[in-house]
2 protein chains.
Amino acid sequence: MSCASLYAPELRARGFRMTSQRKAILHVLHHSGDHLSPAEIFERARREAPGLTYPTVYRTLEFLAKNGLAMPAHIVGKKQLAYQIVGESHHHLICRSCGSSLEVGLDALEPAIRQLEASSGYRFINSHVTLLGLCPKCQKEAG
Amino acid sequence: MSCASLYAPELRARGFRMTSQRKAILHVLHHSGDHLSPAEIFERARREAPGLTYPTVYRTLEFLAKNGLAMPAHIVGKKQLAYQIVGESHHHLICRSCGSSLEVGLDALEPAIRQLEASSGYRFINSHVTLLGLCPKCQKEAG
DNA sequence: TAATTTATTGCAAAAATTTGCAATAAGGAA
DNA sequence: TTCCTTATTGCAAATTTTTGCAATAAATTA
């Protein structure tokens, strides 16, 4: 039984279908856990779903994002938009000069989000935070 | 004197040049204050810099992002990456079903960022937060 | 001001992403 | 299981974004 079956009931309940292409893409995202570009996702998912095409990859990623199963992130310095499975919130601190990045915890955000759910009426809020700064090394080089 | 001259010294100090194209694009971003797509930026900036081309728009936006003058944001539901001048941090709460969005304050984040500057050694940290949820209307429709 | 250096631009072509539409296949009903 | 409905896919073409390179022009020096 594939890990994708974890997601199937949620999709079906909303009237969507679990296809071999979606299974393959979810499988790749789920097991990587990291940010992956559409090209990386295409290459890996194609092993399980041979006929897979690029339009399907792009459409599936947008679909997963709309349904809260994946999160898109524009990583400064990389050209392509990258996607990541939604699990725990991952927050990134990125150097805008050299592009090096650091995974950071922002537990401070959690209470604020709960409060926001209460005040805004929105629910199931996922957060994606990108922090841009200058890393110590690049501060020195910049003088 | 154009608003772009506000940014010129900072660029020159780092060995970059203030060109008519950059002036035009900064002017557009500065006065809009909002997220704009490359196409919108191209159209508006072209009025002031007639020879402006698309490659220049894309390169300039990436350049501004790398240098902390603009922030890119992938707005779910929109196809294109959008850019916004860096001023106060703007944070967005977006409905992943209908795409409607809300500007939210996250002052709660500020202390955490200051603390992060201290612990990580990174400096000049700008934040960009995207929160995805379901708006009240779409919660009803989803049952 | 004129000359020099090189960051930046425009052009043309390449690559990535999106779209329309007919064909396919998932999931429910018979 | 077989049939039916329609969400989803693949294909081909359109559009958007990126890249290489020669030409241009910003800023510094003489």
Side-chain angles (χ1 to χ4, degrees), chain A residues 2 4-5 7-26 36-43 45-46 48-67 69-70 72-83 97 99 142, chain B residues 2 4-5 7-26 36-43 45-46 48-67 69-70 72-83 97 99 142:
Chain A
S2 156
S5 54
Y7 303 103
E10 187 174 347
L11 292 189
R12 293 210 186 92
R14 302 192 210 174
F16 301 120
R17 295 171 186 178
M18 178 56 81
T19 64
S20 60
Q21 293 88 343
R22 287 182 181 166
K23 268 186 204 150
I25 291 171
L26 278 166
L36 295 176
S37 70
E40 289 168 324
I41 293 166
F42 173 75
E43 284 308 332
R46 194 161 55 146
E48 293 169 60
L52 188 66
T53 62
Y54 263 104
T56 297
V57 170
Y58 284 104
R59 279 189 282 225
T60 299
L61 291 173
E62 193 186 327
F63 169 84
L64 295 176
K66 269 206 100 175
N67 286 282
L69 301 183
H74 174 66
I75 301 185
V76 179
K78 304 223 173 177
K79 298 107 231 264
Q80 296 182 307
L81 204 59
Y83 286 81
S97 178
Chain B
S2 155
S5 54
Y7 303 102
E10 188 175 346
L11 291 189
R12 292 208 187 92
R14 303 191 210 175
F16 301 120
R17 296 173 184 176
M18 179 55 81
T19 65
S20 60
Q21 294 86 342
R22 286 182 181 167
K23 269 186 203 149
I25 290 171
L26 278 166
L36 295 177
S37 71
E40 289 168 326
I41 292 167
F42 173 75
E43 284 306 331
R46 194 160 56 145
E48 292 169 60
L52 188 67
T53 62
Y54 263 103
T56 297
V57 170
Y58 283 103
R59 279 189 282 225
T60 300
L61 292 173
E62 193 184 327
F63 168 84
L64 295 176
K66 268 205 101 172
N67 286 283
L69 301 182
H74 174 65
I75 301 185
V76 178
K78 305 223 174 180
K79 298 107 233 262
Q80 295 181 309
L81 204 56
Y83 285 82
S97 177

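In what follows, chains are A, B, ... by sequence order, proteins preceding strands, each numbered from 1.
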Separation of C/dT8 atom P from B/Met18 atom CE, nearest Å, is 10 Å

Taken to the nearest whole Å, NZ/B/Lys66 to P/C/dT8 is 12 Å

Tabulated below should be each protein N or O lying under 3.5 Å from an N or O of nucleotides 28-30 of chain D; please produce it.
none

The answer to which of B/Ala39 and B/Ser20 contacts DNA chain D further toward the 5' end, by nearest nucleotide, is B/Ala39

Hits for side chain to side chain contact (heavy atoms under 4.5 Å, CB included) against A/Arg59, two or more places apart or cross-chain, chain-then-number order -> A/Pro55

Between CG of A/Leu64 and C1' of D/dT8 the distance, given in whole Å, is 13 Å

query: Touch check for A/Arg59, heavy atoms < 4.0 angstrom, all strands: base, sugar-phosphate only, or nothing?
result: base

Residues passing the side chain to side chain contact (heavy atoms under 4.5 Å, CB included) test with B/Phe16, sequence neighbours excluded, are B/Leu11, B/Arg14, B/Arg22, B/Phe63, B/Asn67

Separation of C/dT8 atom C1' from B/Arg14 atom CZ, nearest Å, is 17 Å

Out of D/dT8, C/dT19, C/dT8, minimum distance to the side chain of B/Phe16 belongs to C/dT8

Sequence neighbours excluded, the answer for side chain to side chain donor-acceptor pair (under 3.5 Å) partners of B/Thr53 is B/Thr56

Here the distance between atom C1' of D/dC11 and atom CG of A/Leu52, to the nearest Å, is 14 Å

Rounded to whole Å, CZ of B/Arg46 lies from P of C/dG10 at a distance of 12 Å

Under 4.0 Å between a side-chain N or O of A/Arg17 and OP1 or OP2 of D/dT6?
-> no

Atom CG of A/Leu61 and atom P of D/dT8 are separated, to the nearest Å, by 15 Å

Listing time: all N or O pairs from protein to nucleotides 12-16 of chain D that are below 3.5 Å?
| from | atom 1 | to | atom 2 | distance (Å) |
| --- | --- | --- | --- | --- |
| D/dT16 | O3' | B/Gln80 | NE2 | 3.3 |

Rounded to the nearest 0.5 angstrom, the CG-CD distance for B/Leu26 and B/Glu48 is 10.5 Å

To the nearest angstrom, the CZ-C1' distance between A/Arg22 and C/dA25 comes to 12 Å

Ranking D/dG10, C/dT8, C/dC11 by distance to the side chain of A/Thr56, first place goes to D/dG10

Rounding to 0.5 Å, atoms CG (B/Leu36) and CZ (B/Phe42) come to a distance of 14.5 Å

Taking C/dT9, D/dT6, D/dT9 as options, the one with an atom nearest any side-chain atom of A/Thr60 is D/dT9

Which of D/dT6, C/dA7, C/dT9 is nearest the side chain of B/Gln21? It is C/dT9

Among the nucleotides D/dG20, D/dC11, D/dT6, whichever has the atom closest to the side chain of A/Thr53 is D/dC11

Worksheet item: Side-chain contact, heavy-atom cut-off 4.5 Å: B/Tyr83 with B/Leu64?
Response: no

Residues at least two apart in sequence or cross-chain that pass side chain to side chain contact (heavy atoms under 4.5 Å, CB included) with A/Ala45, listed by chain then number, are A/Ala24, A/Ile25, A/Val28, A/Leu52

Across all chains, not counting sequence neighbours, the salt bridge (charged side-chain N to carboxylate O under 4.0 Å, His left out) partners of B/Glu40 are none

